[in-house]
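Just so you know, ligand 1 is whichever comes first in the structure, and atom 1 is the first atom listed for that ligand. All values below were derived from every heavy atom in this structure, side-chain atoms included, with hydrogens, water molecules and symmetry-related copies excluded.
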Amino acid sequence: MKTFRKRPDRLPRAWIVPAAIAIFLVVALFLSFLMARVVLTMRDTGNQIDNLRATNAAHAALVAAEKRLVGTVHDNAAWNSAFKALEASDPQPWIEENWGSVSADYPLYDGVAVTDPQGRLIAGYLKGEPADLVSIMGPEFVAQAVAAAHLGRSAKRHEFRVKDDIALVASEAVRPEQDADPARAYNVLTFLKLLTPATVDSVAGDYQLAGLRLTADEPAKDELFLKFTDPKGATLGYLAWPGRNPGTRVFEEVKPILTGAAIVLFLLLAAVLLAGFAESRELRRLAAAADHEARHDSLSGLLNRSGLMRALEETLSSGGQVPGLTLHLIDLDGFKAINDAWGHSVGDQLIRAVAARLTGCHPDLALVARLGGDEFALAGERGTDPKQVADTALAALVQPFRIGDRLIELGASIGYATSEPAMDAFELIRRADVALYRVKETGKGRALAYTRSLDRDREDVALLEDQLRRAIDERTLEVAFQPVVSAQTGAVSGVEALARWTADRGPVRPDIFIPLAEKAGLIDKLGAVVMEKAIRFAKARPGIELSVNVSPLQLCASDFPESVLSMLEREAFDPGKLILEVTEGVLIASPDLAQRAIQQLRARGIRFALDDFGSGYASIGALRTFGFDRMKIDRSLVTACQSESGLEVFKATVALASALSIPVTAEGIETPEQARIVRETGCQLLQGYLAGRPMSPLEFEAYQSSLAGAA
Ligand code: G
Ligand code: G
Ligand code: MN
């Protein structure tokens, strides 16, 4: 059985490159984000600082204007002349002369109103013209004026709407310069200063507030402003101006540089990303190629052994409890001979042709694999009839193959097995292999399904092997002896030693246990036990030659001549009385090894017989080169003597041996008629049930005495 390796782990680690790229990208993006935050914070902070400054400046300008107005009102209200004039019966002309006409064109105030302690208008002027300022500014102004009539409270001032303009308005009681009476209510002087575009412009110049304007509408979002409200809190208007936003300006200045840097960074990232993707794709491709290569056979392109293993594992595990995946193992018959005869190039072409035929032999194949050498495997889809798949595969392979201008005939042996629930790939392959093994053992060219009895047979074989090993070790293996007699006189000239074994279940025939011993590697020991028992038997019977069978495996073992010679020495047995019987198969299979052993042993006087001659490929060449001392004609040729042609073949065979000066022993002589033919044809010796069956030493004793009695 072959060993199937578990599949290796996946090959190159393709995930490393994407992971490195991902880390690089994250770090790069994080740093870019930090830089952007820094730049934007600097921009916004710059803007905020300047906005604060501008707002403070605007506020200061307004406060200054108010202070100036309050100061002007104070200078005019705490004034003896004014007080006296207002106490007089008709103050109107005085008011017009000193204040009303001045208001026409005076930087400090644009309007004046003089009211009595109850807030009623005594006289009012706007830009030099009489005007009812109490009505214009309304009850809120009256409240301011009434409040100002009493001393002890500072000048009253507020903003009011005056027609279309906003005005700063300050009021104060008109009283003597000294000793004013805090208890009484005075008349009140009110000055107002209009916030006109001209005023605003001059403030803008003084306080560096470019774009400063007055507006009734709510300022735009990005504008800075101060809001004017009347005493009740209603909005009068706004003083608005655009922020200079130096941060933004700096930002705009460096924006092209930042943009350039961002583009460079972006290009760099893109390049890294592209290179990384290309690299990881290449890695994945390589990994896939390596994986494919590891799982496929390069010659045929089919799955290889590990590919098959993996495919089976996957199919079996994915199939869960569904049974019925059948695996066919295919072994080509006669491929080795073709490879040896025509060379490897033809062999390779043949393998490819076989692969193509197998792939196309059935429409429902799940997989086709080449396991190495001339071994293939295939599996039909679940549900296909496995016997039909096997038969079509066999039929496909018996068609001759045309390779170049040669027509090559092949055959195949197939063993197959069907998965059962929860069976793993190893077991499935093992079972198909067991079936294939049985086919190859019992005549090739067929397909056989695995059955449990095959395993039982194997177990039986294993059991038998165990018992045989014990029989050899404990030397309970026995030896029978069959007489070899003179064809002319019938006198016993020698014996052939034949191994006999009784296993626990009863006697086992040598054509069963000899091959078993060969397969189990026990044949050398078995041969030694037989040889020793046989020598001890023959030693006690002088004048008798001893023939011992030697299996080809034994003969070819390097220490065989040595072990035979040392045994002869130990047992003090004459090598000249020992004949080793070998079959011709070994002469063809391993001629060199066989010849070396035969030469070495013949040099020491041991003789060799060619056994079973005529049962296989008799080779005259082999007879000559190896220099056999004796030839044993197979029982089948003797049996065939009943017919005319059989007799001719027999005679020709004996004539051939005589031409080569090799004495002949005829085997399997059962009747006096056969004995006569053999004698007349010129065989020197014969062997068979007629002369005597194989016997135990005791039986042989009796046999010999009976012969002596007859003589
Ligand atoms: O007589 P019998 O049926 O036992 O012989 C069956 C076959 O077994 C014969 O071909 C014989 O050569 C072979 N055989 C018998 N004994 C031995 C032995 O000790 N060694 C080997 N190698 N073959 C044997
Ligand atoms: O191949 P080898 O010569 O080693 O085989 C000898 C075999 O032939 C043994 O199995 C032996 O039992 C068998 N045998 C010997 N004489 C006869 C015979 O006369 N008739 C038959 N049928 N078998 C015989
Ligand atoms: Mn024999």
### Message
Which atom name does Glu581 have for its N/O/S atom nearest to the Mn ion (ligand 3)?
### Response
OE1
### Query
Between Glu701 and Arg541, is there a side-chain N and carboxylate O pair less than 4.0 Å apart?
yes
### Query
What is the name of the N/O/S atom in Glu496 that sits closest to the Mn ion (ligand 3)?
OE2
### Query
Does the distance from a Lys or Arg side-chain N to an Asp or Glu carboxylate O, for Arg469 and Asp466, drop under 4.0 Å?
yes
### Task
Inspect the contact between Lys387 and Asp391 and indicate whether a charged nitrogen and a carboxylate oxygen are less than 4.0 angstrom apart.
yes
#### Entry: Side-chain H-bond candidate by donor/acceptor type, Asp333 with Ser413, under 3.5 Å
yes
### CZ-CG distance between Arg370 and Leu308, expressed to the nearest 0.5 angstrom
13.5 Å
### Query
Any chance the rings of Phe608 and Phe626 have centres within less than 6.0 Å?
no
### Query
Is Glu699 salt-bridged to Arg500, cutoff N-O under 4.0 Å?
no
### Residue Ser551 vicinity, atoms of ligand 1 by number, heavy atom under 4.0 Å
22 (N)
### Task
Could you list which atoms of ligand 1 come closer than 4.0 Å to a heavy atom of Val530?
19 (O)
### Message
Just checking: Ser547, one of its N/O/S atoms, less than 2.8 Å away from the Mn ion (ligand 3), yes or no?
### Response
no
### Task
Heavy-atom cut-off of under 4.0 Å around ligand 2: list whichever protein residues fall inside it, by chain and number.
Gln482, Glu496, Arg500, Asn549, Asp611, Asp612, Arg635, Glu667, Gly668, Ile669, Glu670, Gly688, Tyr689, Pro694
### Message
Would you say the Mn ion (ligand 3) has Glu667 as a near neighbour, meaning an N/O/S atom of that residue under 2.8 Å away?
### Response
no
### Task
Answer yes if the side chains of Ser551 and Asn549 hold a donor-acceptor pair under 3.5 Å, and no otherwise.
no
### Task
Report yes if the side chains of Asp340 and Lys336 come closer than 4.5 Å at any heavy-atom pair, otherwise no.
yes
### Message
Strictly under 2.8 Å, is the Mn ion (ligand 3) approached by any N, O or S atom of Asp611?
### Response
yes
